[in-house]
**Student:** 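One structure, pasted below without further comment.
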Amino acid sequence: TCTVPLLRMNRVQQLETLSQQTGQMVTAMERFNRLATDLANERTLLAWIRTAMAGIRTVFVFYAIDGVNTLWDYGVSASEILMAVLVLVLLFTGRSRYYAIKELILKREPPA
């Protein structure tokens, strides 16, 4: 906010004032863009967690399945274990991706 009207200022003062106002607007836009990117990053993390929870549900469904013979029992057990490992991989991948992106968002000048 300027206390002196722009008409009474000389040309140099007008340009300096406009430059300051433009700088403030650019800073506000950068903050807004960073906020929008941060919110998108959080939504992506929630999608990773939602997918992992669907995997957990599938693991519990696999526990209810019985094999017809020994070979099928081994197959069902292997599926249970692999699905549980997949859930853990999803959780750790989503978490590490979230924090890596968050670190980039917080930098003043993001890498090229």
Side-chain angles (χ1 to χ4, degrees):
T1 59
C2 182
T3 58
V4 179
L6 286 176
L7 296 176
R8 291 189 177 175
M9 295 179 172
N10 65 28
R11 186 74 175 153
V12 173
Q13 290 174 333
Q14 287 177 353
L15 291 175
E16 287 176 1
T17 302
L18 288 175
S19 175
Q20 290 174 352
Q21 290 173 349
T22 303
Q24 291 171 351
M25 287 188 293
V26 167
T27 303
M29 286 300 293
E30 284 178 356
R31 278 188 276 147
F32 179 75
N33 287 337
R34 287 176 191 271
L35 177 63
T37 304
D38 190 41
L39 291 173
N41 192 30
E42 288 179 4
R43 284 191 304 271
T44 304
L45 174 65
L46 292 174
W48 281 94
I49 292 172
R50 188 173 53 245
T51 303
M53 291 176 74
I56 291 170
R57 181 193 62 215
T58 305
V59 169
F60 285 122
V61 169
F62 283 170
Y63 283 136
I65 297 174
D66 291 328
V68 182
N69 57 27
T70 308
L71 182 62
W72 280 97
D73 281 336
Y74 289 139
V76 170
S77 297
S79 297
E80 292 169 354
I81 292 169
L82 290 174
M83 196 65 190
V85 168
L86 178 64
V87 166
L88 293 175
V89 168
L90 285 173
L91 287 173
F92 286 119
T93 303
R95 182 181 178 275
S96 64
R97 181 195 176 283
Y98 171 78
Y99 284 112
I101 298 294
K102 181 129 180 126
E103 183 179 323
L104 291 175
I105 292 170
L106 294 177
K107 289 185 178 181
R108 179 76 174 151
E109 294 292 326

**Student:** Check whether Val89 and Tyr98 end up in the same hydrophobic cluster, where Ile, Leu, Val, Met, Phe, Trp and Tyr are linked by side-chain heavy atoms less than 4.5 Å apart.
**Tutor:**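 Cluster IDs for Val89 and Tyr98 differ.
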**Student:** Tell me whether Ile65 is reachable from Leu86 by hopping between hydrophobic residues (I, L, V, M, F, W, Y) whose side-chain heavy atoms are closer than 4.5 Å.
**Tutor:**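 Same cluster.
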**Student:** Between CD of Glu103 and NZ of Lys107, what distance do you get to the nearest 0.5 Å?
**Tutor:**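 Answer for the CD-NZ pair, Glu103 versus Lys107, is 5.5 Å.
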**Student:** Is Leu46 close to Glu42 at the side-chain level, that is, under 4.5 Å between some pair of heavy atoms?
**Tutor:**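 When only atoms from C-beta onward are counted, Leu46 and Glu42 do not touch, as no gap falls below 4.5 Å.
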**Student:** What's the separation between atom OG1 in Thr37 and atom CG in Leu104, rounded to the nearest 0.5 Å?
**Tutor:**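 That separation rounds to 11.0 Å.
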**Student:** Identify the two heavy atoms, one from Gly94 and one from Leu45, that lie closest to each other, and give their separation to 0.1 Å.
**Tutor:**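 Taking Gly94 first and Leu45 second, the nearest heavy atoms are O-CD1, 3.6 Å.
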**Student:** Could you pull out the closest heavy-atom pair between Glu80 and Phe62, with the gap in Å?
**Tutor:**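 Of all heavy-atom pairs spanning Glu80 and Phe62, the closest is OE2-O, 2.9 Å.
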**Student:** Where do Asp66 and Asp73 come nearest, in terms of heavy atoms and distance?
**Tutor:**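 Nearest pair, atom of Asp66 first, then Asp73: C-OD1, 4.2 Å.
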**Student:** For a quick test of reading the model, state the closest non-hydrogen atom pair linking Arg34 to Leu106 and the distance between them.
**Tutor:**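 Heavy atoms of Arg34 and Leu106 come nearest at NH1-C, 4.0 Å.
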**Student:** For the OG atom of Ser79 and the OH atom of Tyr63, what is their distance to the nearest 0.5 Å?
**Tutor:**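 Interatomic distance, Ser79 OG to Tyr63 OH, rounded to 0.5 Å: 11.5 Å.
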**Student:** Let me check something: do Met83 and Phe60 share a hydrophobic cluster, defined by ILVMFWY side-chain heavy atoms less than 4.5 Å apart, either directly or through other members?
**Tutor:**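 Looking at the clustering, Phe60 is in the same group as Met83.
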**Student:** Check whether Leu88 and Leu90 end up in the same hydrophobic cluster, where Ile, Leu, Val, Met, Phe, Trp and Tyr are linked by side-chain heavy atoms less than 4.5 Å apart.
**Tutor:**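 No, it is not one cluster - the side chains of Leu88 and Leu90 are not joined through contacts under 4.5 Å.
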**Student:** Determine the minimum heavy-atom distance between Trp72 and Val68, stating which atoms define it.
**Tutor:**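 That closest heavy-atom pairing would be CB-N, 3.6 Å.
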**Student:** What residues form a side chain to side chain contact (heavy atoms under 4.5 Å, CB included) with Arg97, not counting sequence neighbours?
**Tutor:**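 If we apply the side chain to side chain contact (heavy atoms under 4.5 Å, CB included) test to Arg97, skipping adjacent residues, the hits are Asn41, Thr44, Trp48, Ile101.
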**Student:** When clusters are formed by joining ILVMFWY residues with side-chain heavy atoms under 4.5 Å apart, either directly or through shared neighbours, do Leu39 and Tyr99 land in the same one?
**Tutor:**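 Different hydrophobic clusters.
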